[in-house]
2 protein chains.
Amino acid sequence: MLREERKKELKKDIFLKSIELFKEYGYENVSVEKIASACGIAKGTFFNYFPKKEHVLLHLGSSQIVLVKEIIQTHQCSNIKSKVHHIFRELLATYSQHADLLKLTISETIRSALKAESANILTLTDTLTDMFIDAKNTGLFQSAFDPKTISSVLVGIYFNSLITWSLSESPDEDLEIIFNSQFEVVWEGIEKK
Amino acid sequence: MLREERKKELKKDIFLKSIELFKEYGYENVSVEKIASACGIAKGTFFNYFPKKEHVLLHLGSSQIVLVKEIIQTHQCSNIKSKVHHIFRELLATYSQHADLLKLTISETIRSALKAESANILTLTDTLTDMFIDAKNTGLFQSAFDPKTISSVLVGIYFNSLITWSLSESPDEDLEIIFNSQFEVVWEGIEKK
DNA sequence: ATGTTAAAATGACCACAGTCACTAGTTGAC
DNA sequence: GTCAACTAGTGACTGTGGTCATTTTAACAT
């Protein structure tokens, strides 16, 4: 069906243009009308593709999850700790690139999670959980705690580092350093047999 | 000066009426105009006291910090773990009472943290950090990790539990249980000498 | 009392997210 | 080719958050 193709194409167009504009002028300073006219469509059409303006950001967030899945599959590694570490380092790296935008993405992701409007966080946690279950089964990993709790804690630390980083006056203070120190603490607990 | 008195009084009035209305009709369904007229003031006046509608929620959030400080001072306890545990249990308890509203509060707190518009989270973390420094000095507590990181991790777990809880389909699943399991994991790490 | 000045209240006003009744375009059946 | 049925596009309209020039009120000085 050609119809579907076109729809996907347009959604992608809207998404890319939005991101581009957000980066240039800042999320708040770009109206839906601006996006629409930049895409050569009417305002109403935008809402046929994204129910709310903020859903563009959630869409961006969901692409991070795809990234995680890719890493889990490609990055074979004997040591589970370094694998997990690698996943988050990678996530934080993409984060650092377009910090302002992803700050908003995180904030919208959490917001929508609390409004039960999107399941991005849940998906991320589940993906990690599966990885831990796998690692437990193949004997790569042992822990007194259950995989779901562990993943949840890790995801928590991830978001928390981002928040902590945003809060720190000095943007020099490295995001990765903040994450690492928190990671070391919790991993110490996770590894408990 | 009488002027100041009146201002504080009115701010409190606006705050309480807002919360009352939010609880009854839901945050989104209460316009600033509604709040204003319920307080017998004009819409513009509202914004003389709270720069944005959402700041009413942040104000609510900051009252939780006061609670923490109170607990730290009153609840004397030989065991630091149980003290920390007590603090968070208490926080979560007030949370459970008006869940919907505090869900929004959390979401706004995080949001504003990421926008660098409010320092609630920072204050909470600092308060805990001071407590840990104190405990280290008096020999009540030892850890290989520094107090700031520890507090940060704990605050992270706190918010994360709330998020996890919101995400769980079943509201039966106890918030306290979720927090406890995450707390056990990280405390294991924190205690590392 | 009266005048002066600064703070606080006001509500018309604006910009923008989101809605919806309507129009235009597409598909497939005959 | 024609019609019917559905899908996608549209933009005037609405409700609300937030602003700001103006007015009202309070505080103090003389």
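By convention in this document, chain letters (A, B, ...) are assigned in the order of the sequence lines, proteins followed by strands, and residues within each chain are numbered from 1.
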(message) Going by salt bridge (charged side-chain N to carboxylate O under 4.0 Å, His left out), name the pairs with one or both residues in residues 118-143 of chain A, residues two or more places apart or in two chains.
(response) none
(request) Using the test side-chain hydrogen bond (donor to acceptor under 3.5 Å, both in side chains), find all partners of A/Ser18 that sit at least two apart in sequence or belong to another chain. (result) none
(message) Under 6.0 Å from the ring centre and within 45 degrees of the ring axis: does the NZ or CZ of B/Lys53 meet both conditions for the six-membered ring of B/Tyr27?
(response) yes
(request) Establish, for the pair B/Lys52 and B/Phe47, whether the NZ or CZ atom is under 6.0 angstrom from the six-membered ring centre and no further than 45 degrees off its axis. (result) no
Please report the distance, rounded to the nearest Å, between [atom1] in [X] and [atom2] in [N].
{"X": "B/Phe47", "N": "D/dG17", "atom1": "CZ", "atom2": "P", "answer": "7 Å"}
{"X": "A/Glu5", "N": "D/dT7", "atom1": "CD", "atom2": "C1'", "answer": "17 Å"}
{"X": "A/Phe50", "N": "C/dC16", "atom1": "CZ", "atom2": "P", "answer": "20 Å"}
{"X": "B/Glu117", "N": "D/dG18", "atom1": "CD", "atom2": "C1'", "answer": "13 Å"}
{"X": "A/Glu28", "N": "D/dG17", "atom1": "CD", "atom2": "P", "answer": "15 Å"}
{"X": "A/Glu33", "N": "D/dC13", "atom1": "CD", "atom2": "C1'", "answer": "12 Å"}
{"X": "A/Lys11", "N": "D/dA8", "atom1": "NZ", "atom2": "C1'", "answer": "15 Å"}
{"X": "B/Glu108", "N": "D/dG17", "atom1": "CD", "atom2": "P", "answer": "13 Å"}

(message) To the closest 0.5 Å, what do you measure between CG (A/Asp174) and CH2 (A/Trp165)?
(response) 9.0 Å
(message) Return a single string for nucleotides 7-13 of chain C, one symbol per nucleotide in 5' to 3' order, where B is base contact, S is sugar-phosphate-only contact and - is none, cutoff 4.0 angstrom on heavy atoms.
(response) BSBBB--
(message) D/dA26, OP1 or OP2 - any side-chain N/O from B/Arg6 closer than 4.0 Å?
(response) yes
(request) Determine whether the side chains of A/Lys23 and A/His98 contain a donor N or O and an acceptor N or O closer than 3.5 Å. (result) yes
